[in-house]
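So the structure is just underneath, and the comments pick up after that.
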Amino acid sequence: MAGTGLFAEILDGEHVYKYYADGEWKKSTSGKTVAIINPTTRKTQYKVQACSQEEVNKVMDLAKTAQKLWAKTPLWKRAELLHKAAAILKEHKAPIAECLVKEIAKPAKDSVTEVVRSGDLVSYTAEEGVRILGEGKFLVSDSFPGNERTKYCLTSKIPLGVVLAIPPFNYPVNLAVSKIAPALIAGNSIVLKPPTQGAVSCLHMVHCFHLAGFPKGLINCVTGKGSEIGDFLTMHPGVNCISFTGGDTGIAISKKAGMIPLQMELGGKDACIVLEDADLDLVAANIIKGGFSYSGQRCTAVKVVLVMESVADSLVEKVKAKVAKLTVGPPEDDCDITPVVSESSANYIEGLVKDAKEKGATFCQEYKREGNLIWPLLLDNVRPDMRIAWEEPFGPVLPVLRINSVEEGIHHCNASNFGLQGCIFTKDINKAMLISDAMETGTVQINSAPARGPDHFPFQGIKDSGIGSQGITNSINMMTKIGNILLETP
Ligand code: NAP
């Protein structure tokens with residue numbers, strides 16, 4: 001159970017969790033806590049420490065000192081500790097998954113999957129790190145005009161220093177370790193600011209790293225509301241790199257952060273373009289999986305369907321039939337559709353639904369909401385003047401726009417301020433390639449729904465969907481810089 005057994009030391013009283021610094025679990029001197037509301041019961045489930053600016057300053061100093069020693073720790077030893085942490089994480093998947101169910105209403109099975117996938121990601125990162133960080137380059141001077149063969153250059157990848165990791169609520173564990181593991185294997189230290197919803201899952205995950213025996217001060221986790229300590233963290237002079245995943249907050253951070261490398265994985269409005277020759281059963285299955293898994297709260301969820309008019313009726317009927325089979329209810333029962341993360345999120349989704357209603361969209365199901373639970377809804381005949389055609393609902397509501405040409409579909413996709421992923425369904429691979437090439441997104445999936453992963457695949461957004469590229473290898477590289485040693489012979 002969460003907060004018991006091995007995890008008992010991370011608790012400070014009933015349901016109140018400590019933060020992690022200098023290899024210890026601590027209570028904030030602020031005396032304040034932040035409540036985490038269970039999206040299903042809408043009652044306070046847990047509380048975490050509201051860390052103060054002084055505590056952040058201290059953590060930055062600790063992380064800086066610890067990093068210097070860690071960078072000198074042999075690569076194979078760093079990898080060994082990461083493998084150990086991965087094993088502990090997987091062994092304790094149940095209590096961590098329990099927190100995911102309670103904090104972010106993720107269905108029970110998916111919660112376990114997230115923890116196991118995270119352990120695998122940590123192990124893979126350790127393996128990849130020992131390979132790619134163990135290699136450098138050797139350059140000689142006489143390849144550049146005017147030079148004799150008298151200068152030699154040895155290059156290797158060296159760490160950046162202190163990496164600030166900020167993951168979002170929807171994959172708090174997976175998207176935290178996707179930052180922590182590459183940072184550590186590359187010789188950096190970590191300051192983690194978990195999302196408020198998802199913070200307790202993250203604290204349990206951090207404890208697995210603690211149990212693995214990483215040096216004191218190398219990994220730190222400060223809790224508190226992003227709106228309160230976020231700016232102080234992201235503008236802190238002790239931070240040498242920010243790896244952030246979330247929404248528009250990332251755009252604001254990019255403008256405020258100093259001259260440091262930034263990895264920003266932000267929102268998306270992933271389009272699903274469906275041509276006349278597509279296998280409509282395959283499309284319907286992928287729209288359900290892509291649009292409604294975890295109630296649409298995925299960055300790579302299918303967020304708008306652009307279907308050719310001639311097959312639209314048929315596709316909508318098939319999707320409608322599948323929507324009717326989705327189970328709706330609490331995450332503990334492993335329902336397909338569970339409450340969205342917060343009341344404000346549910347209100348935002350409702351606003352998009354109301355706007356679509358007023359402007360004449362066709363409701364394939366009746367709109368239904370109880371608390372944060374919103375029943376799955378397919379909106380047909382959506383037009384570009386409706387907000388839902390462009391905005392990210394982050395909920396189980398999916399708009400269908402009927403198009404009369406491929407160009408119209410590409411135009412809609414590219415007119416979006418987002419550019420995360422997209423997908424195209426057709427049996428004609430040549431057309432698929434041409435359309436993929438024309439779609440301005442980080443990735444296009446052919447005949448399958450957008451998805452992040454497997455975790456070693458490159459993953460990136462363009463435009464307002466982010467900067468930099470994730471995926472294990474890219475993240476390791478991003479969290480290093482090139483260091484040169486030059487030798488000149490007489
Ligand atoms: P969010 O509101 O942007 O929050 C993300 C993180 O930023 C949280 O940890 C949050 O902490 C923190 N934060 C808030 N204000 C901050 C500030 N001023 N400075 C620094 N940090 C601050 O996003 P979310 O609602 O958690 O996640 C949903 C969004 O993430 C969606 O737009 C989704 O598409 C996107 N997403 C993108 C990817 C991707 O890889 N591209 C993956 C998953 C999700 P608090 O929780 O304490 O506010």
Side-chain angles (χ1 to χ4, degrees), residues 19 33-37 39 48-51 56 103-104 106 114 164-176 178-179 191-202 221-236 239 242-257 262-270 293-303 340-342 344-346 348-349 391-395 416-421 441-443 450-453 455 457-471 474-475:
Y19 77 101
T33 55
V34 178
I36 297 170
I37 310 295
V48 291
Q49 308 295 315
C51 290
V56 169
E103 285 185 293
I104 60 165
K106 185 166 278 192
E114 177 171 343
L164 173 64
I166 308 182
F169 82 83
N170 61 341
Y171 288 88
V173 175
N174 183 260
L175 289 173
S178 75
K179 304 172 188 315
V191 175
L192 170 68
K193 200 315 262 178
T196 296
Q197 300 291 141
V200 175
S201 314
C202 278
C221 182
V222 288
T223 49
K225 280 191 187 158
S227 53
E228 284 168 17
I229 55 163
D231 283 355
F232 192 72
L233 278 163
T234 53
M235 294 197 279
H236 200 285
V239 172
I242 301 175
S243 178
F244 176 92
T245 308
D248 289 352
T249 322
I251 299 175
I253 292 173
S254 305
K255 289 179 182 151
K256 291 184 219 163
L262 301 177
Q263 189 178 43
M264 292 281 155
E265 295 293 346
L266 312 181
K269 184 74 183 171
D270 293 7
S293 301
Y294 186 33
S295 308
Q297 298 174 112
R298 294 166 51 249
C299 56
T300 54
V302 169
K303 295 193 183 117
V340 296
V341 72
S342 63
S344 63
S345 179
Y348 178 74
I349 298 163
E391 294 178 38
E392 188 184 31
F394 234 57
S416 169
N417 57 320
F418 292 117
L420 190 58
Q421 290 206 348
T441 64
T443 304
R452 197 178 60 87
D455 288 324
F457 281 11
F459 178 70
Q460 60 281 311
I462 57 171
K463 300 194 273 185
D464 285 355
S465 292
I467 48 174
S469 181
Q470 277 198 359
N474 286 339
S475 291

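Counting starts at 1 for both ligands and their atoms, following the listed order.
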| Protein contact to atom 9 (O) of ligand 1 [nearest heavy atom, distance to 0.1 Å] | P167 O, 2.9 Å
| note | protein heavy-atom neighbour closest to atom 35 (C) of ligand 1 works out as G246 O, 3.2 Å
| request: Look only at interatomic distance and state if K193 has a nitrogen or oxygen under 3.5 Å from any nitrogen or oxygen of ligand 1. | output: yes
| Would you say the side-chain atoms of Q197 pair up with the backbone N or O of S342, donor to acceptor, closer than 3.5 Å? | no
| request: Could you establish whether F394 and ligand 1 come within less than 4.0 Å of each other, counting only heavy atoms on the residue side? | output: yes
| request: Quick one: look up the protein heavy atom nearest atom 4 (O) of ligand 1 and list residue, atom name and how far away it is. | output: T249 OG1, 4.3 Å
| remark: Residues at least two apart in sequence or cross-chain that pass ring-ring contact (aromatic ring centres under 6.0 Å, His included) with F232, listed by chain then number, are H236
| note | Taking every heavy atom of S345 against every heavy atom of F394, the minimum-distance pair comes out as OG-O, 4.2 Å
| said: Are P39 and V340 packed together at the side-chain level, in the sense that at least one heavy-atom pair is separated by less than 4.5 angstrom? | reply: no
| remark: the protein heavy atom lying closest to atom 46 (O) of ligand 1 turns out to be T196 N, 2.8 Å
| note | So the atoms of ligand 1 within less than 4.0 Å of a heavy atom of G224 turn out to be 47 (O)
| request: Mark up the atoms of ligand 1 that fall under 4.0 Å of a heavy atom belonging to D231, in ascending order. | output: 18 (N), 19 (N)
| message | So, regarding R298 and ligand 1 (criterion: nitrogen or oxygen to nitrogen or oxygen, under 3.5 Å), is there a contact or not? | response | no
| said: Measuring only between side-chain heavy atoms, which start at C-beta, is T443 closer than 4.5 Å to T300? | reply: no
| All pairs passing side-chain hydrogen bond (donor to acceptor under 3.5 Å, both in side chains) where residues 457-468 contributes a residue, at least two apart | N417-D464, Q460-S469
| remark: Within 4.0 Å of some non-hydrogen atom of P195, the atoms of ligand 1 are 8 (C), 9 (O), 46 (O)
| query | Would a 4.5 Å heavy-atom cut-off, applied to side chains only, mark F459 and C299 as touching? | reply | yes
| remark: Quick note on ligand 1: atoms under 4.0 Å from a heavy atom of T245 include exactly 5 (C), 37 (C), 38 (C), 39 (C), 40 (O), 42 (C), 43 (C)
| task | Would you mind telling me if ligand 1 is within reach of the side chain of K225, the backbone, both or neither, using heavy atoms under 4.0 Å? | result | backbone
| Min N/O separation E392 to ligand 1 under 3.5 Å | yes
| said: So S295 and K106, do their side chains get closer than 4.5 Å, heavy atoms only? | reply: no
| said: Strictly distance-based, threshold 3.5 Å: is any side-chain N or O of D270 a donor or acceptor partner for the main-chain N or O of Q421? | reply: yes
| request: Look at the side chain of K193 and the backbone N and O of G224, then say whether any donor-acceptor pair between them is shorter than 3.5 Å. | output: yes
| query | In terms of residue, atom name and distance, what is the protein heavy atom nearest to atom 27 (O) of ligand 1? | reply | P168 CB, 3.4 Å
| request: Number the atoms of ligand 1 from 1 as they appear, then name those within less than 4.0 Å of a heavy atom of L420, with their elements. | output: 41 (N)
| Polar atom proximity, G247 to ligand 1 (N or O, under 3.5 Å) | yes
| query | Are the side chains of P167 and V173 in touch, meaning some heavy atoms are under 4.5 Å apart? | reply | no
| query | Does some non-hydrogen atom of L175 fall short of 4.0 Å from ligand 1? | reply | yes
| Considering only protein heavy atoms, which is closest to atom 17 (C) of ligand 1, and at what distance to one decimal place? | G226 O, 3.4 Å
| query | With atoms numbered from 1 as shown, which atoms in ligand 1 lie under 4.0 angstrom from a non-hydrogen atom of G230? | reply | 17 (C), 19 (N), 20 (C)
| Is N474 reaching over with its side chain to a backbone N or O of P458, donor-acceptor style, under 3.5 angstrom? | no
| For ligand 1, is S465 a contact, meaning one of its heavy atoms is under 4.0 Å away? | no
| field | Heavy-atom side-chain contact between C221 and P194 under 4.5 Å | value | yes
| field | Protein heavy-atom partner closest to atom 40 (O) of ligand 1 - residue, atom, separation in Å | value | F459 CE2, 3.1 Å
| field | Check: C299 N/O within less than 3.5 Å of ligand 1 N/O | value | no
| Side-chain touch S178/Q470, heavy atoms, less than 4.5 angstrom | yes
| query | With only distance considered, is N170 within less than 3.5 Å of ligand 1 through an N or O on each side? | reply | no
| task | Looking only at protein heavy atoms, identify the closest one to atom 26 (O) of ligand 1 and say how far it is in Å. | result | F169 N, 3.1 Å
| request: Kindly indicate whether the side chain of L420, heavy atoms from C-beta on, has any atom under 4.5 Å from the side chain of E392. | output: no
| request: Please confirm whether L266 comes within less than 3.5 Å of ligand 1 when only nitrogen or oxygen atoms on both sides are compared. | output: yes
| query | Does the N or O separation between I166 and ligand 1 drop below 3.5 Å for any pair? | reply | no
